[in-house]
Protein chains: 2
Amino acid sequence: MGITERREREKEQRRSDIIRAAEKVFFARGFETATMDDLAAEAELSKGTLYLYFKSKDEVYLAIVLKAMKLLREYFENAVTHKSSGLEKVRAIGESYIQFHEDYPDHYKALLFFSTLQMDETSGPGAELKAFVENKDVMEVLYSAIIEGIKDESIRSDIDPLKTALILWGQTSGVLQLMTLKGHAIGSHFKEDPKELLNYFLDLMTRALSKTEEKFLL
Amino acid sequence: MGITERREREKEQRRSDIIRAAEKVFFARGFETATMDDLAAEAELSKGTLYLYFKSKDEVYLAIVLKAMKLLREYFENAVTHKSSGLEKVRAIGESYIQFHEDYPDHYKALLFFSTLQMDETSGPGAELKAFVENKDVMEVLYSAIIEGIKDESIRSDIDPLKTALILWGQTSGVLQLMTLKGHAIGSHFKEDPKELLNYFLDLMTRALSKTEEKFLL
DNA sequence: TTCATTTAATGACTATCAGTCATTTTATAG
DNA sequence: CTATAAAATGACTGATAGTCATTAAATGAA
């Protein structure tokens, strides 16, 4: 009985088609401004049909966010492969985060916006949990790299790896966020190049973690 | 002719009464969920009257955000007075940021939410500009403290003060944000205390900036 | 005080949009 | 070919941001 399975596949297909259409519409017009009728038009479906695949507008948004989180985790995982030392891996993760922001600015913003948002229950059961699991995986990659760096002696051993991983994650997100949101103002007012600041930050971070470097800036 | 001036004062008074009512209603029910009718009821005014004082719901929100920004700047300014060295001032700014978050959690969240939001034009002319000016002032306090620290030799001189100020601002916001938004998950999953992590971060930052400390963690 | 004019306040009304559901269309199976 | 099940539809409802014609209050001149 392959019919049930084919139906299942078609359902999945349609769901991801809707997500693609939603990315187009939400990114172009903004989540608040875009309407479900816009989405229905873009997806070439009736509005009612959208609600067969998603419980609410928020749930469509959540689907985009989860996709973005998966993508970001892939960036992190790709970043650490083919890097020899733990320290290199940590830096590569930072670089890949910046790269993700450059490659998928809209997805990055969606992630950013989501993190400050408290979704209500209409976003589907376990929305927050799903989001957290993805976030946790991302943290795991960073944590492993630090542990590895301490073992291979590229990273100083007098740090708490877990605390450091959490702080690095927060710091890096914060710096990237500042450059993203205020980049233009920073450029025009402070005459600093956001891209250059990000590299400066990565340099400081790498030196701060390095075992061999005795003198470093931050 | 004191009548015009009295009227002006009364108008200002009413405006800030509405803002106070808005804080109550928006913080209690959430900005999206709370309605302008809720606000009208809380302010004991008709809905139409609200629109004589604010162009839109967003503009009311913006007023709360600007109030929060002023408050935060005051925290920063108070933090740096009665501190002898520049390094102490920088640390005190970080501590006051955390204190602000503890004293005014809702205002802190409003600020956070605002930073990720792109306001449209209905938020009043120069909404973005006003917000940026406040932000800039906050940065100024931090920058001055770093400059002072380099002069009084409490802070190492081999850093770029402006770049460092910007990065510190981003980093600290990011770490605080992570603790705020994921604090609970961090506590339950990673068994780390958010408050302790913040102090750990401040210690690392202080040591990293310190001129006398040769060995520091981050 | 009284009346005219300016300023402030009101709430019924409109437009928009998320979400629903009775109806229709399409696919599958007997 | 018919009956049943699954999928899709779009007109409809309820909620709410924002408007505006009307009413009320304050002011000042006579």
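Predicted model, so just to flag it, every value in this text is computed and none were measured. Quick note on labels: first sequence line is chain A, next is B, and so on, each numbered from 1.
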Next on the checklist: Distance check needed: dA11(D) P versus Tyr51(A) OH, whole Å only.
Outcome noted: 16 Å
Next on the checklist: Output the rounded distance in Å from OH (Tyr53(B)) to C1' (dG18(D)).
Outcome noted: 18 Å
Next on the checklist: Here's a test of your reading of the structure: between Thr35(A) and Lys11(B), which maps to the more 5' nucleotide of DNA chain C?
Outcome noted: Lys11(B)
Next on the checklist: Rounded to whole Å, how long is the line connecting atom CG of Leu52(B) with atom P of dA24(D)?
Outcome noted: 17 Å
Checklist entry - For Leu50(B) and dA17(D), what is the distance between atoms CG and C1' respectively, to the nearest whole Å? => result 11 Å
Checklist entry - Leu45(A) CG to dT25(C) P: how many Å, rounded? => result 17 Å
Checklist entry - Are the side chains of Leu168(A) and Gln171(A) in touch, meaning some heavy atoms are under 4.5 Å apart? => result yes
Checklist entry - Just wondering, are more than 12 heavy atoms of other shown residues or ligands nearer than 6.0 Å to NE2 in His184(A)? => result no
Checklist entry - Toward the 5' end of DNA chain C, which comes first, Thr49(A) or Asp37(A), by nearest nucleotide? => result Asp37(A)
Checklist entry - Taking it one step at a time, do Arg14(A) and Glu10(A) satisfy salt bridge (charged side-chain N to carboxylate O under 4.0 Å, His left out)? => result CA-CA 6 Å; Arg14(A) 178 137 291 180; Glu10(A) 281 173 352; over 6 Å; no
Checklist entry - Across the strands shown, which category fits Ala40(B) at heavy-atom distances under 4.0 angstrom: base, sugar-phosphate, nothing? => result nothing
Checklist entry - Do Phe114(B) and Tyr61(B) come within less than 4.5 Å of each other through their side chains, counting heavy atoms only? => result yes
Checklist entry - Given that Glu10(B) and Arg29(B) both sit by DNA chain D, which one's nearest nucleotide is further toward the 5' end? => result Arg29(B)
Checklist entry - Where the side chain of Arg7(B) is defined as all heavy atoms beyond and including C-beta, which of dA8(C), dA18(C), dA17(D) is the nearest nucleotide? => result dA8(C)
Next on the checklist: Between P on dG19(C) and CG on Leu39(A), what's the gap in Å once rounded to a whole number?
Outcome noted: 12 Å
Checklist entry - Counting side-chain heavy atoms from CB outward, which of dT27(D), dA8(D), dG11(C) is closest to Ser46(A)? => result dA8(D)
Checklist entry - Do the side-chain N or O atoms of Arg14(A) get closer than 4.0 angstrom to the phosphate oxygens (OP1, OP2) of dA6(D)? => result no
Next on the checklist: How about NZ on Lys11(A), more than 12 heavy atoms from neighbouring residues, nucleotides or ligands closer than 6.0 Å, or not?
Outcome noted: no
Checklist entry - Looking across every strand, which nucleic acid part, if any, lies under 4.0 Å from Phe54(A) by heavy atom: base, sugar-phosphate, or nothing? => result nothing
Next on the checklist: Rounded to whole Å, please give me the gap between NZ in Lys47(B) and P in dG11(C).
Outcome noted: 12 Å
Item to check | Length of the line joining Ile18(B):CD1 and dA8(C):P, which is rounded to integer Å | outcome: 13 Å
